[in-house]
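Counting from 1, the numbers follow the sequence of the chain as shown.
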Amino acid sequence: MSKSTSWYPSLSVDGSRTGVVSHAGATVLLRAAEKTGLSRHLSTGLTPWRKPLATHDPGKILLDLAVAVALGGDCLADINQIRADPGVFGPVASDPTVSRLISTLATEAPAALSAINSARAAARAQAWTAAGTAAPDHDRDARHPLIIDLDATLVTAHSDKEHATPNWKKGYGFHPLCAFADHQAAGTGEPLAIMLRPGNAGSNTAADHIAVVEQALVQVPGVDGYRIGKTVLIRTDSAGGTHEFLEYLTRRRLAYSVGFGLTEAIAEIVDRLLPEAWTPAYDADGVERDGAWVAELTGMLDLSGWPAGMRVIVRKETPHPGAQLRFTDCNGMRLTAFATNTPRGQLAELELRHRRRARCEDRIRTAKDCGLTNLPLHGFDQNRIWCAIVAVACEVIAWTQMLAFDTTPARRWEPKRIRLQLFSIAARLTRHARRTRLTLAATAPHRQLLLDGLTRLAALPDPG
């Protein structure tokens, strides 16, 4: 026998072994779905679409799809990854059954989406209650509001799909508008609404912004009535800085922080500000930053056509090396501005709060990593159902991190990392004395982290 020169051990591979589970770490997602009541609420909400004598519950099919997407799937057929392990994931519907359900739900899309969204809202209320101080709405008040970020993104369509159109970046596809609840620096975030739109939908269409805010507010626990109050803050870029949208937010008494477009006339006003009008801006850690300042422009602008109580704050900073200046920049300084109706607080703190809307880009990246990169179906309403599945997948991951891994670095892991470190942990399924045991691989680097998370979930009360 010749000696092997390979860097790796020489193995004889066969596929005859049973009882091995390749995505055993995903059990933490299943437990989170049960503890938040998501599985029960989906089953109840989708009961009208369950046919007599049907083997599979539509709610479980939808949740199985969301779990498959959370594990990295990007189409309906990827549900086969969990179908292979019925000992862990239970009976999983066949591909034709899954496809028929999505088509059936799409024929009654408004009613089906309403049922799914109601289930999501009920599960979110349970999740945030169970999270306690880790919940994004803990001790919510006007000084510490729940922040909802709005942003749109482009989704490319590589084939001819219903309502796919050319977009402003000379691409082709869709232009969904999303709303996310920000978990602040300690966590990640979760989608409240994903509104699918054609690729040629406008970036600053006020009607769409109003619609997605209304969808998002329905998802927030404890929000009742039309006038919400400033315990909820809507944060967006300059696409939301329209008269109609800000008047809507004012009528509902919501707090807001939105980008404000600069003109050459405003840039000239900024240039006339006295040095004492400027105060140092903060960096991401809340420490004064060299080369950046903020000032208030409210009293120097004609805001008579804007809602009462609106303030405009401008920031100037030394541009990064190689940055291209815009026509509204002056004296070699980069200028940006935003509008808010928050009456109190240091200018630097308000500006830092607005600048942290950049975390919304992370949430969009997470959504695209959970199935939003490519809409796999042809029909527009079918893809609206798919967007709801993407939202459920993102929420299950976020709730799992919030409830099971709150005090660990895993609370902030993005899907790619949490899949590699936790969900991909393998295990062996054994049965003895009428009990089924899942024995995790002892050599998995984060095995104890997963076990601790499962223990925390098991300690939570079952939903009523």
Practice prompt. Show your reasoning for whether side chain to side chain donor-acceptor pair (under 3.5 Å) applies to Thr242 and Asn204.
Written response: CA-CA 7 Å; Thr242 60; Asn204 58 351; over 6 Å; no
Fill in: Arg124 side chain to Gln219 backbone, donor-acceptor under 3.5 Å
yes
Worksheet entry | Any donor-acceptor pair under 3.5 Å from Asp85 side chain to Gly87 backbone | no
Discussion item. Quick one, Ile234 and His209 - any side-chain contact, counting heavy atoms below 4.5 Å?
Written reply: no
Practice prompt. Using a strict cut-off of less than 4.0 Å between a Lys/Arg side-chain nitrogen and an Asp/Glu carboxylate oxygen, indicate whether Arg235 and Asp182 qualify as a salt bridge.
Written response: yes
Worksheet item: Taking the six-membered ring of Phe89, is the NZ or CZ of Arg83 close enough (under 6.0 Å from the centre) and on axis enough (within 45°)?
Response: no
Worksheet, complete the sentence: When every non-hydrogen atom of Asp381 is compared with those of Ala109, the smallest separation belongs to CG-CB, 3.7 Å
Discussion item. Measuring only between side-chain heavy atoms, which start at C-beta, is Leu454 closer than 4.5 Å to Arg31?
Written reply: yes
Worksheet entry | Rounded distance [0.5 Å steps], NE2 in His56 versus CD1 in Ile61 | 6.5 Å
Worksheet item: Would you say the side-chain atoms of Thr340 pair up with the backbone N or O of Tyr256, donor to acceptor, closer than 3.5 Å?
Response: yes
Discussion item. Using a 3.5 Å distance criterion without hydrogens, assess whether the side chain of Ser114 forms a donor-acceptor pair with backbone atoms of Pro110.
Written reply: no
Worksheet item: Do you know the tightest heavy-atom contact between Ala70 and Arg419?
Response: O-NE, 2.7 Å
Worksheet item: Do Trp413 and Gln401 get their side chains close enough for a donor-acceptor pair, meaning under 3.5 Å?
Response: no
Worksheet item: Between Arg120 and Leu42, is there a donor-acceptor pair closer than 3.5 Å when you use the side chain of the first and the backbone of the second?
Response: no
Item to complete: Apply side-chain contact (heavy atoms from CB on, under 4.5 Å) to the pair His41 and Gln126, showing each step before the final yes or no.
Response: CA-CA 11 Å; His41 292 305; Gln126 179 68 28; 5.8 Å; no
Practice prompt. State whether Arg417 and Glu414 are salt-bridged, where the test is any N-O pair (Lys NZ or Arg NE/NH1/NH2 against Asp/Glu carboxylate O) under 4.0 Å.
Written response: no
Worksheet item: Does Arg355 CZ have over 12 foreign heavy atoms under 6.0 Å away?
Response: yes
Discussion item. Please determine whether the number of non-hydrogen atoms from other residues, nucleotides or ligands lying under 6.0 Å from atom CZ of Arg428 exceeds 12.
Written reply: no
Discussion item. Quick check: do Ile102 and Leu65 have side-chain heavy atoms less than 4.5 Å from each other?
Written reply: yes
Worksheet item: Less than 4.5 Å apart, any side-chain heavy atom of Leu457 and any of Leu403?
Response: yes
Fill in: Atom pair CD1 (Ile313) and CG (Leu350), whose distance is rounded to the nearest 0.5 Å
5.0 Å
Discussion item. Minimum heavy-atom separation for Phe338 and Ser257, please, with both atom names.
Written reply: CD1-OG, 3.6 Å
Worksheet, complete the sentence: Of Val223, Val218, Asp224, the one forming a side-chain contact (heavy atoms from CB on, under 4.5 Å) with Val220 is Val223
Worksheet item: Does a side chain donor of either Thr342 or Arg353 reach within less than 3.5 Å of an acceptor in the other side chain?
Response: yes
Discussion item. Apply side-chain contact (heavy atoms from CB on, under 4.5 Å) to residues Asn341 and Lys230 and explain how you reach the verdict.
Written reply: CA-CA 9 Å; Asn341 61 350; Lys230 293 184 178 180; 3.7 Å; yes
Worksheet item: If only atom types and distance count, is the side chain of Tyr282 paired as donor or acceptor with the main-chain N or O of Glu349 below 3.5 Å?
Response: no
Worksheet, complete the sentence: One should read off an interatomic distance between Ile147 CD1 and Asp137 CG, to the nearest 0.5 angstrom, of 12.5 Å
Discussion item. For a 4.5 angstrom cut-off between non-hydrogen side-chain atoms, does Leu76 reach Asp95?
Written reply: no
Practice prompt. Compare every heavy atom of Cys370 with every heavy atom of Val69, then report the nearest pair and how far apart it is.
Written response: CG1-O, 2.8 Å
Practice prompt. Could you tell me the separation between the CD atom of Glu214 and the CZ atom of Arg252, rounded to the nearest 0.5 Å?
Written response: 6.0 Å
Worksheet item: Is the backbone of Ser39 close enough, under 3.5 Å, to the side chain of Ser43 for a donor and an acceptor to pair up by distance?
Response: no
Practice prompt. Please confirm whether the backbone N or O of His175 pairs with a side-chain atom of Arg197, one donor and one acceptor, at under 3.5 Å?
Written response: yes
Discussion item. Can a donor-acceptor pair be found, under 3.5 Å and without considering hydrogens, that links the side chain of Glu244 to the backbone of Ala207?
Written reply: no
Item to complete: Test side-chain contact (heavy atoms from CB on, under 4.5 Å) on Thr188 and Asp362 and set out the steps.
Response: CA-CA 8 Å; Thr188 54; Asp362 298 334; over 6 Å; no
Worksheet item: With a 4.5 Å heavy-atom cut-off, do Leu422 and Val28 have their side chains touching?
Response: no
Discussion item. Would you call the rings of Phe174 and Phe380 parallel, tilted or perpendicular, taking 30° and 60° as the class edges?
Written reply: tilted
Worksheet, complete the sentence: Nearest heavy-atom contact between Gly25 and Leu450 is CA-CD2, 3.6 Å
Discussion item. When you compare the side chain of Cys387 with that of Leu372, does any pair of heavy atoms fall below 4.5 Å?
Written reply: yes
Item to complete: Supply the atom-to-atom distance Asp237 CG to Leu150 CG, rounded to the nearest 0.5 angstrom.
Response: 9.0 Å
Worksheet item: Which heavy atom of Ala24 sits nearest a heavy atom of Ala427, and at what distance?
Response: CB-CB, 3.4 Å
Worksheet entry | Within 6.0 angstrom of Arg437 CZ, more than 12 heavy atoms from elsewhere | no
Worksheet item: Between Asp149 and Arg363, does at least one N-O distance fall below 4.0 Å, as a salt bridge requires?
Response: no
Worksheet entry | Heavy-atom donor-acceptor pair, Thr436 side chain to Arg431 backbone, under 3.5 Å | no
Item to complete: Could you walk me through whether Val67 and His23 pass the side-chain contact (heavy atoms from CB on, under 4.5 Å) test, one step at a time?
Response: CA-CA 11 Å; Val67 171; His23 291 97; over 6 Å; no
Worksheet entry | Inter-residue atom distance Arg447.CZ - Ile425.CD1, 0.5 Å rounding | 9.0 Å
Worksheet item: With side chains defined as the heavy atoms from C-beta onward, is the minimum distance between Val213 and Ile148 less than 4.5 Å?
Response: no
